> 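Sharing a structure below in C-alpha cells format, with a few things to ask.
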Amino acid sequence: MSAMNALKALCTARARRLVLGGALTGALAAALSGALAGCGIAPTDVIDAGEPASGMKSPGQPEADVQLFFYGPSGLRSATRPAKTPVDPETALRLLMKGPNHAERMRGLTSVLPKFLASPTAETHEGGVVITVPVGGELLDSASMNQLVCTAANARVPGNKPAGQVAVTLVSRTDKIGPMVCGGNNAFPVVEPSPTPTPPSATERPDTG
C-alpha cells in the first residue's frame with residue numbers, strides 16, 4: 001500500500017471511530033473537524049441557501065395571489081404574483097403601474113399604459129370599483145383601459161363576486177367611462193337589461209266593438 005493510500009485509510013478509520021463513539025454533539029463535531037483537518041481536509045462552513053422560497057401557502061390559508069394584466073404576443077394576459085394578504089384594487093394598480101418584472105418580461109409581457117400616467121386611486125363598494133385617473137379618459141386607449149379594469153376587477157373587492165361580475169368605472173376631472181366588466185381578456189361596457197314592456201290593462205285596451 002502506498003503512503004498516500006495508507007494516510008487516506010487512517011483518516012477514514014479515525015473519522016469512523018469518532019462518529020461511532022457517541023452522539024453528534026458540538027464537541028464531537030469539533031473533534032471530527034480536527035481529525036479531518038489533521039488529514040489535510042479543510043472543513044467548510046454551512047452554506048446559506050438564502051431566504052425561503054416565497055409564495056408558498058400554509059395549509060388552510062386562502063389564496064392571496066394578485067393578478068396583474070399585461071400584454072403579450074397573443075393579447076392581454078394575466079401575471080400572477082404571490083402576496084401575503086389579499087390585495088385591494090388600489091394596491092394592485094400601483095403594482096401594475098410599475099410594469100412587468102424580470103420574469104414577466106422574459107415571458108414577453110409588456111405594459112401599454114401611458115408613461116405619463118401617475119398611479120390611479122381606487123375606491124371600492126359592494127361589487128364595484130371606481131378608478132380615478134389623473135388624466136382625461138380620452139387619453140386612454142382601449143388597451144390601457146383593459147389593463148386597468150381587469151387588474152382592478154381581479155383584486156379584493158367587497159361582495160366576493162367573480163371578477164367578471166365586478167363593475168369598474170373610470171373617472172377623471174373631465175370624463176367618466178363605464179361601468180365596465182372584465183370579460184375574458186377584454187373590458188366590456190355593462191349592458192343594462194332593457195325593461196320589459198308592460199301589456200296594457202283591460203281598461204286601456206282599445207274598444208274593438
Side-chain angles (χ1 to χ4, degrees), residues 45-135 137 139-172 176-188 190:
D45 294 332
V46 176
I47 298 175
D48 187 1
E51 297 181 357
S54 62
M56 299 299 292
K57 304 296 188 301
S58 301
Q61 294 297 317
E63 295 290 330
D65 295 336
V66 56
Q67 301 286 331
L68 307 180
F69 282 77
F70 300 106
Y71 275 90
S74 56
L76 192 68
R77 291 291 178 266
S78 66
T80 303
R81 296 184 188 178
K84 294 180 179 180
T85 58
V87 174
D88 59 35
E90 184 165 328
T91 303
L93 292 174
R94 193 179 305 122
L95 294 173
L96 179 71
M97 294 304 302
K98 295 180 180 179
N101 59 27
H102 175 73
E104 292 157 355
R105 291 194 299 271
M106 294 298 292
R107 290 173 49 197
L109 299 182
T110 186
S111 176
V112 298
L113 291 169
K115 298 297 183 182
F116 59 84
L117 181 63
S119 184
T121 59
E123 296 182 3
T124 60
H125 56 272
E126 188 78 11
V129 183
V130 177
I131 301 175
T132 301
V133 293
V135 297
L139 299 179
L140 296 176
D141 57 15
S142 59
S144 299
M145 288 188 285
N146 288 343
Q147 282 190 256
L148 295 172
V149 171
C150 288
T151 296
N154 280 271
R156 181 186 61 184
V157 179
N160 296 323
K161 288 187 176 182
Q165 297 180 15
V166 175
V168 181
T169 303
L170 276 69
V171 298
S172 68
K176 177 180 179 181
I177 304 174
M180 294 180 286
V181 293
C182 179
N185 293 326
N186 289 285
F188 299 95
V190 175

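Residue numbers run from 1 in the order of the sequence given. Computed from a predicted model, the values in this text were never measured in an experiment.
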> Where the side chain of Asn146 meets the backbone of Ala187, is there a donor-acceptor pair that is under 3.5 Å apart?
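Judged by distance alone, yes, a pair lies under 3.5 Å.
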
> So which heavy atom on Glu126 is nearest to which on Gly159, and how close?
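The pair with the smallest heavy-atom distance is OE2-CA, 3.2 Å.
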
> Any side-chain donor paired with an acceptor under 3.5 Å for Gln67 and Thr151?
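Note: Gln67 and Thr151 side chains miss the donor-acceptor criterion.
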
> Nearest heavy-atom pair of Gly164 and Val181: which atoms, and what distance?
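Heavy atoms only, the tightest pair is O-CB, 3.6 Å.
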
> Report yes if some heavy atom in the side chain of Arg77 is under 4.5 Å from a heavy atom in the side chain of Phe70; otherwise report no.
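SC-SC contact between Arg77 and Phe70 ruled out.
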
> Which pair of heavy atoms, one from Val168 and one from Ala153, lies closest together, and at what distance?
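Looking at all heavy atoms of both residues, the closest pair is CG2-CB, 4.1 Å.
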
> How far does OG1 of Thr91 sit from CG of Leu96, to the nearest 0.5 angstrom?
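It is 12.5 Å, given to the nearest 0.5 Å.
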
> When you measure from the side chain of Gln147 to the backbone of Ser144, do you find a donor-acceptor pair of N or O atoms at a distance under 3.5 Å?
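No, because the side chain of Gln147 does not come within donor-acceptor range (under 3.5 Å) of the backbone of Ser144.
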
> After noting the C-alpha distance and the side-chain angles of Leu140 and Leu148, does the key distance pass the side-chain contact (heavy atoms from CB on, under 4.5 Å) rule?
CA-CA 10 Å; Leu140 296 176; Leu148 295 172; 4.1 Å; yes

> Indicate the atoms forming the closest heavy-atom contact of Ala155 with Val87, along with that distance.
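Looks like CB-O, 3.3 Å.
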
> Scan Val166, Thr169, Leu170 and name whichever one has a side chain to side chain contact (heavy atoms under 4.5 Å, CB included) with Met180.
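Per the side chain to side chain contact (heavy atoms under 4.5 Å, CB included) rule, the option paired with Met180 is Leu170, out of Val166, Thr169, Leu170.
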
> Nearest heavy-atom pair of Leu76 and Cys150: which atoms, and what distance?
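Heavy-atom minimum between the residues: CD2-SG, 4.0 Å.
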
> Pick one: which of Ile177, Thr132, Val133 meets side chain to side chain contact (heavy atoms under 4.5 Å, CB included) with Val171?
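Only one option passes, and that is Thr132.
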
> Are any non-hydrogen side-chain atoms of Pro120 and Met97 less than 4.5 angstrom apart?
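SC-SC contact between Pro120 and Met97 confirmed.
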
> NE2 of His102 to CD of Glu104: how many Å apart, nearest 0.5 Å?
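Answer rounded to 0.5 Å: 11.0 Å.
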
> Hey, could you give me the OG1/CZ distance between Thr124 and Arg156, rounded to the nearest 0.5 Å?
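Reported to 0.5 Å precision, the distance equals 8.0 Å.
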
> Taking the side chain from Glu90 and the backbone from Ala122, do they hold a donor-acceptor pair closer than 3.5 Å?
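A pair under 3.5 Å: yes.
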
> List the atom of Pro100, the atom of Thr110, and the distance in Å for their closest heavy-atom pair.
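So the minimum-distance heavy-atom pair works out to CG-CA, 4.0 Å.
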
